[in-house]
Amino acid sequence: MGSEAEAETVDSVSDLPVQDPPGEEFSAADLRWVKYASSEHQRDDVALIPYERMDAFIAGECSNPECPTRFHIERGRKRDRGTLRHVRCDDFLLYRMYWCSFGPENYGEGGTILPSRKYRLNTRNRAARPQSMRGCTCHFAIKRLYARPSLVLIIYHERRHVNKSGFICHGPLDRDAIGPGARRLPYVGSEIQQQTMSLIYLGVPEENILQTHMEGIHRYCGSDAKVDSLASQYVQKLGMIIKRSTHELDLDDQASIRMWVDRNKKSVFFYQDSTDTDAFVIGIQTEWQLQQMIRFGHQDLLASHSSFGVSKLKYPLHTLLAFDSRQHALPVAWIITRSVTKQDTLRWMKALTERIYSVDPTWRIGGFIIDDPASELDPIRNVFCCPILFSLWHIRRTWLKNIIKKCSNSEVRREIFMQLGKVVYSIWSEKNPMDALEQLFQDFVDQTTFTQYFKSFWIPKLEMWIDTIRNLPLASQESSGAIEGYHLKLKVKAYDDSQLDALQRVDWLVHKLTTELHSSYWLNLYAEESGSFPEVKAEYVASTSWQRALQIPDNAVIFDEKEPFSAKVASQKDTSQMWTVWNPGSEFSLCECSWSMQGNLCKHIIKVNMMCGPRKDFQPSLSFQSFQRVLLDLWQKPMDDSFSLDLSVAWVMQMQERIQKVTELATSDGIAQVSGRLPIQWTNKKGRRVAAKRTSPLRVVPYSNGTPQKDFTPKKHRKRKRLC
């Protein structure tokens, strides 16, 4: 059936050869198609066959293994011989248009139903149920030629079984297809389906997937041979669909994204196509992500992981993160755009919050963490109406990676990283941070590679970073480690060596996010909350450095008074191995383990900093210093005994109560211990169960002129039981 570019074009039906493929049935794949254009047809594919083989062709088309179907007669006309004075080569005696029985109407989700027709439909060979119609556009016409009644001209208008959006809408390759035996299939809920899809995307062996899938099915249907057979077919079909699925819905990336947005409207909360005046913006949030954002974001923190893939991807990726019950970063929305303007940021943020408020109007967040000083703050304040914090994970990771890359001496690396930490710590002192930085360049004048990099890349924008650190409260190491954990997982998924040629396509990035990455986080949270998949749960729990640090006992950390600038941590795998942490108690500590040497925040540094917190011989962390700064500014605000003092006291007391509750919950063994200390609130038992009935004013009927007014209040009438 060759491509349109290779198809031959004819000007007259008389030039077409008559084709008669062997066999009882044949299909379009057995014919040679050419292009034919006339006043009625716009360059359609045509072929000429004998009239007696017409039924064989229709039967062959119905037996297409990829899209099995039946064709019904959508419309038809007849002529008698002798009714035409002037006969053209393509005039007909009999005309019929055959349409796939899965169309043209679309009774599926989000589908459209065609208006009432002006002609009668042949309903004898339609699809079995109206709900099976999915808007398939595959249709062809046959003409029994007037001049040659023994021949039939086949005009194929659309050979693909696709809907108006260009997607396969039925058959084994349709991921949403139900099939003719839907009523006999075992129940597959959304949870079981998502679980099976996640396991397939993560590359779990098919035998394990089938076993897990059947365990879920047996909870609803019981176990028998027929149910197990149908469940096995379902897993095989779902695996085939996922393996054959591709991100390239069209060769043109922009057209492919439009098609994806049109098909996945429930997962797109904002879309703005690129024009001369507007930048490209797409906001993606699945229904599961929406639920987690409402669940974990309410009265809690959201974080922004911004500008991922600036140099490698076509458009950078911006991620909104919520923190689950273990304080792991959970992606709840993805925004793909290169625009960082206030106008575009305000648009997609408003669209996102409007979607949340439509589900829960009382939803509010407690704070918003950013990691880029170039981020627009006004849209965050206007839309989320919350305090803004700043995370140092990005600057710490970037500085450490480049120091390790550009300096070969381990002692020099350690000293440079400690000096950069002192530059940041000096922001709240009377010293000028730029003077400390100039001193660093003089001390390490021989490290030309690193100093040239720092002067060219960081000096032009360092003032912006310093102002942001000075003016915004700083996020803790736990939240910074959680954001870094998400960054590392995203990097592994996105920069797969087999897909490097697709990095410049947006549809590939969207496909990667909504399939592999989404399935990974869904399965992690499901394993954590359901107790299933203990190996997945254990890996998920230990996926952040903070959680891994909690598993290190306190006696594994050794402080030596003779070496105040270092601490040692005993390895948990090999007790004879000791890891040295330099500059303990600081966010700019450096460990000699392999994980830290890759630029990451390792568990040894976090554990040492946990131990340094209550010790007076170590300076407080940057986040605690910024917190002290906020409290001091609030305390120094009222200069006299005025109303502003009362307002400041109220704010401080409210903040103190919240911090006390959070600390109490964090240090307790569980929520039951905290709730047990709450005061008992007695209420009316009846009032908790039964709402008071409102008295209708129409029942209090006044008298007028001595005659009582008629009560028009509708009364309930009980239906009288029939006596047998």
Item to check | Which atom of Gln504 lies closest to which atom of Asp253, heavy atoms considered | outcome: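 In terms of heavy atoms, the two residues are closest at O-OD2, 4.2 Å.
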
Partners of [X] by salt bridge (charged side-chain N to carboxylate O under 4.0 Å, His left out), sequence neighbours excluded?
X      : result
Lys78  : none
Lys489 : none
Arg77  : none

What pairs with [X] under ring-ring contact (aromatic ring centres under 6.0 Å, His included), at least two apart in sequence or on another chain?
X      : result
Tyr521 : none
Trp348 : His318
His518 : Trp288
Tyr146 : none

Item to check | Face-on cation placement of Arg79 at Phe92 ring, 6.0 Å and 45° thresholds | outcome: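 Judged by the rule, Arg79 and Phe92 form a cation-pi pair.
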
Item to check | Ring-face cation contact, Phe269 with Arg355, 6.0 Å cut, 45° max | outcome: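 Arg355 over Phe269 ring: no.
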
Checklist entry - Any side-chain heavy atom of Asp15 within less than 4.5 Å of one from Val34? => result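 They are not in side-chain contact.
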
Checklist entry - Taking the side chain from Glu529 and the backbone from Tyr526, do they hold a donor-acceptor pair closer than 3.5 Å? => result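 No, the answer is negative, given that no donor and acceptor are paired below the 3.5 Å cut-off.
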
Checklist entry - If only atom types and distance count, is the side chain of Ser101 paired as donor or acceptor with the main-chain N or O of Arg70 below 3.5 Å? => result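 Between the backbone of Arg70 and the side chain of Ser101 there is a qualifying donor-acceptor contact (under 3.5 Å).
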
Next on the checklist: For a quick check under 3.5 Å, do Tyr98 and Glu74 share a side-chain donor-acceptor pair by atom type?
Outcome noted: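 No, because no side-chain N or O of Tyr98 sits under 3.5 Å from a partner of the opposite role on Glu74.
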
Next on the checklist: Can you classify the ring geometry of His157 versus His139 as parallel (below 30°), tilted (30 to 60°) or perpendicular (above 60°)?
Outcome noted: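 The arrangement is parallel - the two ring planes meet at less than 30°.
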
Item to check | Criterion side-chain contact (heavy atoms from CB on, under 4.5 Å) on Phe270 and Met349, from CA distance to verdict | outcome: CA-CA 9 Å; Phe270 184 80; Met349 281 189 177; over 6 Å; no

For [X], enumerate each residue passing the side-chain hydrogen bond (donor to acceptor under 3.5 Å, both in side chains) test, keeping only those at least two apart in sequence or located in another chain.
X      : answer
Glu25  : none
Asp507 : Ser256, Arg505
Arg148 : none

Item to check | Partner residues of Val18 under the side chain to side chain contact (heavy atoms under 4.5 Å, CB included) criterion, sequence neighbours left out | outcome: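 Per chain and number, Val18 pairs via side chain to side chain contact (heavy atoms under 4.5 Å, CB included) with Leu48, Pro50, Leu151.
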
Next on the checklist: Within this structure, what is the CG-CG distance for the pair Leu93 and Asp91, rounded to the nearest 0.5 Å?
Outcome noted: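 Going from CG on Leu93 over to CG on Asp91, the span is 9.5 Å.
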
Next on the checklist: Applying salt bridge (Lys or Arg N to Asp or Glu O under 4.0 Å) as the test, list every pair that has at least one member in residues 331-345; sequence neighbours left out.
Outcome noted: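 As it turns out, the salt bridge (Lys or Arg N to Asp or Glu O under 4.0 Å) pairs with a partner in residues 331-345, which skip direct neighbours, are Lys342-Asp378, Asp344-Arg347.
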
Checklist entry - When you check the gap from the basic side-chain N to the acidic O, do Asp20 and Arg53 get nearer than 4.0 Å? => result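 Salt bridge between Asp20 and Arg53, a charged N being under 4.0 Å from a carboxylate O: yes.
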
